[in-house]
Amino acid sequence: MQQVQVPGGGHIDFERGQWVRQSERTDLTPTELRMLRYLAQHAHRAVPQQELLREVWGYAESVHSRTVRTTVGRLRAKVEHDDPPTVLLTVPGEGYQLATLPVDEGRPKPPMPLDDFVGRERELAELRRALVEERRRLVVLTGPGGIGKTRLACVWGRTSRDVQFFDLAAATRPEHVVEAVAEHLGVTSEGRTTEGVVGMLAHEAHTSIFDNAEQIEGLGALLVGWLARAPGLRFLVTSRTPLGVPGEMVIEVGPLGEQASAELLVRRFAERGVPLAATDEDVQALAAELELPLAVELAAGWADVLPLPDLRARLHQVLATGDAHRQAPERHRTLHAALDGSLHLLKPELVPVLPQLAAFPATFGLLGAEAVLDTPDVLGALRDLRRAALLQLDAGRYRMLTVLRPWATALQPEAAAAAQQRHVQWVLRHPEAPTADVLQAHDVALRTDASAALTLATRIATGPMSATLKARHLEQTLTGGAAPAHLVHAWAEALCTLGRPDQAVDVLARLGDPDDASHVLLHASALLDAGRPEGVRELLDRAQALAGDDPAERARCALGRVAWLRFRSDPALAEQIGRALELAQLSGDPFLLARARSEQAVLLSEQMEAFDAEQLLLDVVATYAQDGASHRLALAWFRLAKVTGEVQDWSLCRERIDQAAAVARRAGAAGLELQAQSLRVAMAVEGGQIDAATEQLIDEALARLAHMDAPLIEFSYRLFHGLLPAESGDYMRAIERLRRLEYELRPRGATRALTALLLRLGQVELAAGDEAGPVHLREVRRNAEGTWSDRYAALFLALAGDPSALAEVEGWAPDDRDLLVVGLRRMLRGDDPDPTGELTARSSRFRLAARAHGAPS
């Protein structure tokens, strides 16, 4: 402490031994200086006269003297200009107090970085709650090196005026802490006592940040003692481990999170002149691997050197190289340097355990650890590594951060390899091993044990894991090697779930001419999903022959034929669904029966029996939910949401869309997830509520579909994209887009997709006064007799003045469940131009048709 400001525009200059006021300087005696320094160090309180005699003059406790009063009087005569005094105060019954003003320039404030801060909202809220709302006195931020503890503490510290910052990286003993704090505060050598430092801390700020404190033995006890001496003190400590003392509140600083990591990566790349998009798949994949903020910063240091794919491929080499982060402290120049600091906190016998932990998947349980770790005290090892922040604990399972695993493996590669083999054997012995363990063991077995890899691949094929994981691991197993039929089938099934039926067809070709009905049916289904109906009928006939008398196989064949007839909009569809229901009931398989009922519900919905369809689908959802059949369950939710939209219960429809999308996402069914989201677009189109967000959703979906093999899903989004111009009255542009889509669909014949397109195209053509509109609508009626599409086409034709359609619409019985149909029929009679008030608000189909008829819009 070199200077202290006092009221009245003056200050005490301890270095020169002067009291300074404006241009006036008054020399002080050594005794006066010693007394003033002590009072300044304890300016937060009144200092008793006896304490001054003891600490400044060195008198014994029993000595009583007028020395203090005399010195104070002499000093006031020299420097005080006010009566009563305003600087050197007398507190009756307590002692003397020096009135000082805070000097921010002298207080060591948290450093302010040049770049911006991303994420950590949860941790900042916890700090505010602990230090401000709950007024906790000892809070410790823990986490591994590079997790961002210092940055977080500084960001919080910059939000408060009464905070000072001390870097303790060079301290190893409690006395070093006293020296470091005294040095930061400018306390001269004679004042560098524990009491002097504590007094200055309590006076200078309410909260002191002690950074990089993990290496200081006994720091916890030291701080507890300081807190006992000065009740106004509070400490925020950053350390890789808790202090281990009563009363500390530990806030663990975890991984940054994928979204925040991606945002930080984008910002740091942009600072180096390399633009990225946070939604880019490569950016998201890289962010998921990095996890630590330091790792993000190190990777971004190579932004102008390596393209993103090359950076991902060489990530661990980049993180171990310090060239791109040369200005950082030594401990943060490479990721290895940051992590090596944690090794010094561990007992020597724990170091070999770290590479063994890298044998596990992202998470692992206690049973697996006890079977795999080669250490006499597994519990003790997990405890110590957890407290050293080298292990996370999430939902009852341990986790080593992804970015730490290569570093841990490199410590002792042989120990890591041996642990991996023990892990594979443990998984093989335990059929109930968690999915993550099975996948990790499979990755290892692919490199070391082909037989074990096939066994584990079978478990993956039949296990409750996402289609994404199944497809990736089965591809790794079967590429270039043996191809057991059941694994090929599972691989192709996963590809179909992911919306990549063309690839599934190619995979199934590896089976040659299979003699199993399920393989043949999957081949037919994949061809239909890919929009390639050629040869499907022959495959279905072959599957029927292979099924024999097995009721379950016959039911599956019947369901396959249902899909074929629906694809072709064949009138025999209803009869075939009835046949599938009978066979499914005979099979006794509740899930086959649920599939058949789901198909029946779709038919009922098309036949305008939405209420009955909804009840059936609710039962189907309940059946699949019991088994956790994610893809089938997602499809059932999707169909249920679609039916709900048809009865125009938009609120419930949205809930069911979200449910369908969530289940599809868990199943890895990207195509089905996009289908569910397409219903949101359909709701906006039907309700005439197209906005920028809807257009963006369509654009993003089309961008995703460009990398997928899902033509029918892509069709639905292109249909919406084609309708967008019509919403703003640009019919010609809409017709151009829709006719281009018609040209692509025509070669496939009278499919449901073509029927849906022609209905919309005819509607827009009517609104534009194009003579092709009635032609297209009559085609819809021929191909979709007895369905909603048929009825809509009849209404549009009636609006266009078609005599036959007019007579038919007039003959319809009122249906209170479809106010739009009733209202439009009444409008045709002239009873009311818009009797329901719904024509412009609930359906673009009718809104555009009514616009062509001259109705209000």
Side-chain angles (χ1 to χ4, degrees), residues 1-60 63-91 94-109 164 166 175 177-205 208 229-230:
M1 182 170 53
Q2 297 178 337
Q3 290 185 357
V4 170
Q5 288 199 353
V6 295
H11 68 271
I12 304 170
D13 187 338
F14 289 105
E15 188 174 9
R16 291 183 174 86
Q18 295 175 329
W19 187 295
V20 182
R21 183 167 182 169
Q22 297 177 353
S23 59
E24 180 185 351
R25 289 180 172 270
T26 304
D27 291 328
L28 303 172
T29 68
T31 300
E32 291 168 345
L33 275 173
R34 287 199 305 273
M35 184 184 71
L36 287 172
R37 185 184 295 278
Y38 192 82
L39 289 172
Q41 291 171 346
H42 300 80
H44 61 288
R45 64 184 177 92
V47 180
Q49 177 175 286
Q50 203 63 33
E51 181 180 335
L52 287 171
L53 286 172
R54 183 182 68 248
E55 299 296 336
V56 177
W57 278 270
Y59 288 1
V63 174
H64 295 276
S65 172
R66 296 175 58 86
T67 300
V68 175
R69 187 177 302 173
T70 301
T71 305
V72 169
R74 185 173 64 246
L75 188 55
R76 281 175 174 164
K78 292 169 65 174
V79 300
E80 287 277 18
H81 296 275
D82 300 311
D83 188 21
T86 58
V87 179
L88 191 52
L89 310 176
T90 299
V91 182
E94 296 186 32
Y96 298 99
Q97 186 170 11
L98 184 67
T100 63
L101 299 176
V103 184
D104 284 347
E105 297 81 22
R107 178 183 300 147
K109 296 291 289 182
Q164 55 192 1
F166 303 95
E175 54 266 32
V177 177
V178 176
E179 289 292 323
V181 173
E183 183 70 28
H184 278 298
L185 295 176
V187 178
T188 56
S189 56
E190 64 267 22
R192 293 190 179 185
T193 62
T194 297
E195 289 75 11
V197 168
V198 172
M200 283 299 297
L201 283 175
H203 166 60
E204 289 288 345
S208 296
R229 286 188 178 93

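Hydrogens, waters and symmetry mates are skipped; everything else that's a heavy atom, side chains included, is used.
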pair Y59-Q50: side-chain heavy atoms closer than 4.5 Å: no
Contacts of E32 that satisfy side-chain contact (heavy atoms from CB on, under 4.5 Å) - sequence neighbours left out: L28, T29, T71, R74, L75, K78
Contact check, side chains of F166 and V177, non-hydrogen atoms, under 4.5 Å: no
Test side-chain contact (heavy atoms from CB on, under 4.5 Å) applied to I12 and T26, L98, L39, the passing residue: L98
Heavy-atom closest pair, residues M35 and V56: N-CG1, 3.8 Å
Value rounded to 0.5 Å, distance of CD in E51 from OH in Y96: 13.5 Å
Under 3.5 Å donor-acceptor, R25 side chain and Q18 backbone: no
R45 vs V91 side-chain heavy atoms within contact, under 4.5 Å: no
From T67 atom OG1 to Q49 atom CD, the distance as rounded to the nearest 0.5 Å: 8.5 Å
Nearest atoms (heavy-atom pairs only) where L88 meets R76: O-NH2, 2.7 Å
